[in-house]
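First up is the structure itself, then whatever we jot down about it.
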Amino acid sequence: MPEGHSIHRLARQFQDTFVGQSVRATSPQGRFAEGAALLDGHVPVESIAHGKHFFLTFDHGHTLNVHLGMYGAWTFGGDHTFTVASSIGAPRRIGEREIHRESADPAHPRPDDGRSPSAGAPGDAVAGRAAAEPPEPTPTTRVRLVTQHGWADLVGASICRVLTPDEVEQVRSNLGPDPLDPQADAGEFVRRASRTGRAIGAVLMDQSIIAGVGNIFRAETLFRQLIDPHRPARSLSDQELRGLWEDLVLLMGIGVRRGRIITTAPEHRPGVPEAEAWPEHATYVYQRQGQTCLVCGTTSRDGADAIVVEEMVQRKLYRCAVCQA
DNA sequence: TAAGGATGTATAC
DNA sequence: TATACCTCCTTAC
């Protein structure tokens with residue numbers, strides 16, 4: 001799934017374009033028909049992200065709770081008052097790029113970037129035409145929310161449900177502090193992490209210890225902090241754990257602002273002023289196994305790759321065996 | 001055209 | 001630890 005920064009962007013998008021507007025809610029696919037009926041005709045009053053969970057609370061107290069899982073994605077479109085028409089979800093490309101259509105103005109259509117697969121794909125719906133009205137739903141459109149000025153379609157989510165206030169609290173109580181929450185308590189992360197003997201590489205993926213970190217941020221922050229992912233979390237000093245937290249605050253904040261994950265410092269992208277053009281330089285270790293480490297310059301040592309990939313907790317774990325020894 | 005994989009997590013054994 | 005969920009893009013044939 002998109003990691004936490006994408007969900008925070010999503011929450012901001014809903015805050016800007018849906019909160020305060022009466023919403024027509026439907027489930028073209030049918031799998032969310034009951035939930036849509038509960039929300040139809042109501043007005044969103046608050047849009048929140050906690051880790052990878054999205055909560056949209058309506059004027060009658062019900063909350064739409066969406067978790068995008070591995071494949072979920074939202075697509076947006078709207079008229080000129082609907083500021084950002086974009087797709088937020090699983091882009092399935094290195095670097096976590098969202099599909100942007102900054103303007104729905106037919107006079108200034110965005111050129112096709114050559115990778116848009118086919119009509120009806122996320123992002124295409126609003127290309128080059130006024131998009132106050134949504135396109136024909138596909139057989140996978142789980143939810144469609146429409147206001148006077150725009151629309152949002154959801155496909156592929158692993159969780160899509162309507163919760164009561166108590167149920168929202170219950171879900172949130174199972175989530176650890178979120179580095180993207182200005183009110184979050186770093187000490188709480190340190191306390192929770194230092195209680196476990198599990199590998200720090202696994203602990204960073206545990207949403208009850210720290211919320212919003214996914215496979216890319218885990219690999220990248222452990223590299224940047226020069227920590228071997230296999231070390232038991234308990235063996236890390238408070239300073240090391242705080243270092244991870246502070247680095248995640250920084251990296252995830254960049255992700256929110258830029259809509260992509262970029263973890264490399266400019267000095268580690270020699271001759272590459274804009275990381276956008278070089279997805280292979282946006283991360284230090286994620287999906288860079290066998291390539292030359294951007295920091296230590298090692299490609300292989302004693303016949304083995306410097307940047308290696310292995311499995312940890314059923315996910316691919318990337319690290320530089322030289323830097324993170 | 002088919003197979004495989006992906007930023008995730010819940011559930012069962 | 002393995003599988004199911006569920007979508008679609010990339011790579012292989």
Side-chain angles (χ1 to χ4, degrees), chain A residues 1-10 27-32 49-54 65-75 87-99 112-125 137-143 153-161 170-171 174-176 178-180 198-199 201-222 248 251-252 254-256 258-263 279-280 282-289 309-318:
Chain A
M1 117 175 219
E3 302 191 23
H5 69 295
S6 294
I7 311 309
H8 281 259
R9 285 176 67 85
L10 175 70
S27 178
Q29 176 200 55
R31 285 186 48 194
F32 188 63
H50 186 165
K52 301 168 190 171
H53 278 266
F54 170 61
N65 173 216
V66 171
H67 192 297
L68 292 174
M70 195 77 109
Y71 330 107
W74 286 94
T75 306
S87 171
I88 298 177
R92 300 170 183 90
R93 278 191 288 276
I94 295 172
E96 174 142 359
R97 210 197 213 116
E98 292 168 16
I99 299 164
D112 192 285
D113 64 6
R115 288 173 311 196
S116 299
S118 62
D124 273 14
T138 74
T140 58
T141 306
R142 182 90 53 86
V143 184
D153 279 358
L154 173 68
V155 300
S158 68
I159 290 174
C160 178
R161 60 194 175 190
Q170 201 173 330
V171 171
N174 288 325
L175 298 172
D178 180 342
L180 288 172
R198 292 150 62 213
V203 166
L204 288 178
M205 298 285 279
D206 184 335
Q207 301 298 301
S208 70
I209 291 179
I210 182 169
V213 177
N215 204 26
I216 303 177
F217 284 129
R218 144 176 97 163
E220 292 296 306
T221 194
L222 286 168
L248 287 164
L251 294 180
M252 295 172 77
I254 292 169
V256 170
R258 304 198 51 170
R260 304 179 53 186
I261 296 177
I262 298 173
T263 62
E280 65 272 28
T283 56
Y284 286 107
V285 292
Y286 178 74
Q287 290 196 353
R288 295 195 72 250
Q289 67 274 25
V309 58
E310 65 199 281
E311 294 276 324
M312 183 182 280
V313 211
Q314 293 286 106
R315 305 299 303 278
K316 301 257 188 216
L317 171 70
Y318 302 85

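Throughout, a chain's letter reflects where its sequence line sits, starting with A, and its residues are numbered from 1.
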For atom CG of A:Leu317 and atom P of B:dG8, their distance in whole Å | 13 Å
NA contact type, A:Glu311, heavy-atom cut-off 4.0 Å: base, sugar-phosphate, or nothing?
-> nothing
Partners passing side chain to side chain donor-acceptor pair (under 3.5 Å) against A:Gln289 (at least two apart in sequence or in another chain) = none
Distance in angstrom units between A:Arg198 CZ and C:dT1 P, rounded | 13 Å
Is any NZ, NE, NH1 or NH2 atom of the basic residue among A:Asp206 and A:Arg198 found under 4.0 Å from an Asp or Glu carboxylate oxygen of the other?
-> yes
Candidate nucleotides C:dT7, C:dC6, B:dA6, ranked by approach to the side chain of A:Arg31 - the nearest | C:dC6
P-based separation of B:dT1 from C:dC6 [nearest Å] = 26 Å
Provide, to the nearest angstrom, the distance between the OH atom belonging to A:Tyr71 and the P atom belonging to C:dT7.
-> 10 Å
Distance between P atoms of C:dC5 and B:dC13 (Å, rounded) | 14 Å
Whole-Å gap separating P (B:dT9) and CE (A:Met312) = 16 Å
Here the distance between atom P of C:dT3 and atom CZ of A:Arg315, to the nearest Å, is 17 Å
Is there a donor-acceptor contact under 3.5 Å from the side chain of A:Glu310 to the main chain of A:Lys316?
-> no
List in chain and number order the residues that pass salt bridge (Lys or Arg N to Asp or Glu O under 4.0 Å) with A:Arg161, two or more places apart in sequence or in another chain; answer none if no residue qualifies.
-> none
Within the pair A:Gln314 and B:dA6, is there a side-chain N or O less than 4.0 Å away from OP1 or OP2?
-> no
Closest to the A:Met205 side chain: C:dC8, B:dA6, B:dG8?
-> B:dG8
Ignoring backbone atoms, test whether A:His67 places a side-chain nitrogen or oxygen under 4.0 Å from the OP1 or OP2 oxygen of B:dT9.
-> yes
Side-chain contact check for A:Thr140: nearest option of C:dC6, C:dT3, C:dC8 is C:dC8
Please state the P separation for the pair C:dC13 and B:dG5 - nearest whole angstrom.
-> 12 Å
A:Ser158 side chain, from C-beta outward: closest of C:dC6, B:dG8, B:dA6 | B:dG8
Are A:Leu68 and A:Lys52 side-chain neighbours, meaning at least one heavy-atom pair lies under 4.5 Å?
-> no
To the nearest angstrom, how far is A:Tyr286 atom OH from B:dG5 atom P?
-> 13 Å
Could you give the CG-to-P distance, from A:Leu175 to B:dT9, as a whole number of Å?
-> 9 Å
Checking all strands, does A:Gln207 fall into the base, sugar-phosphate, or nothing category for heavy-atom contacts under 4.0 angstrom?
-> sugar-phosphate
So what does A:Arg218 touch, heavy atoms closer than 4.0 Å: a base, only the sugar-phosphate, or nothing?
-> nothing
What integer distance in Å separates A:Leu68:CG from B:dT9:C1'?
-> 13 Å
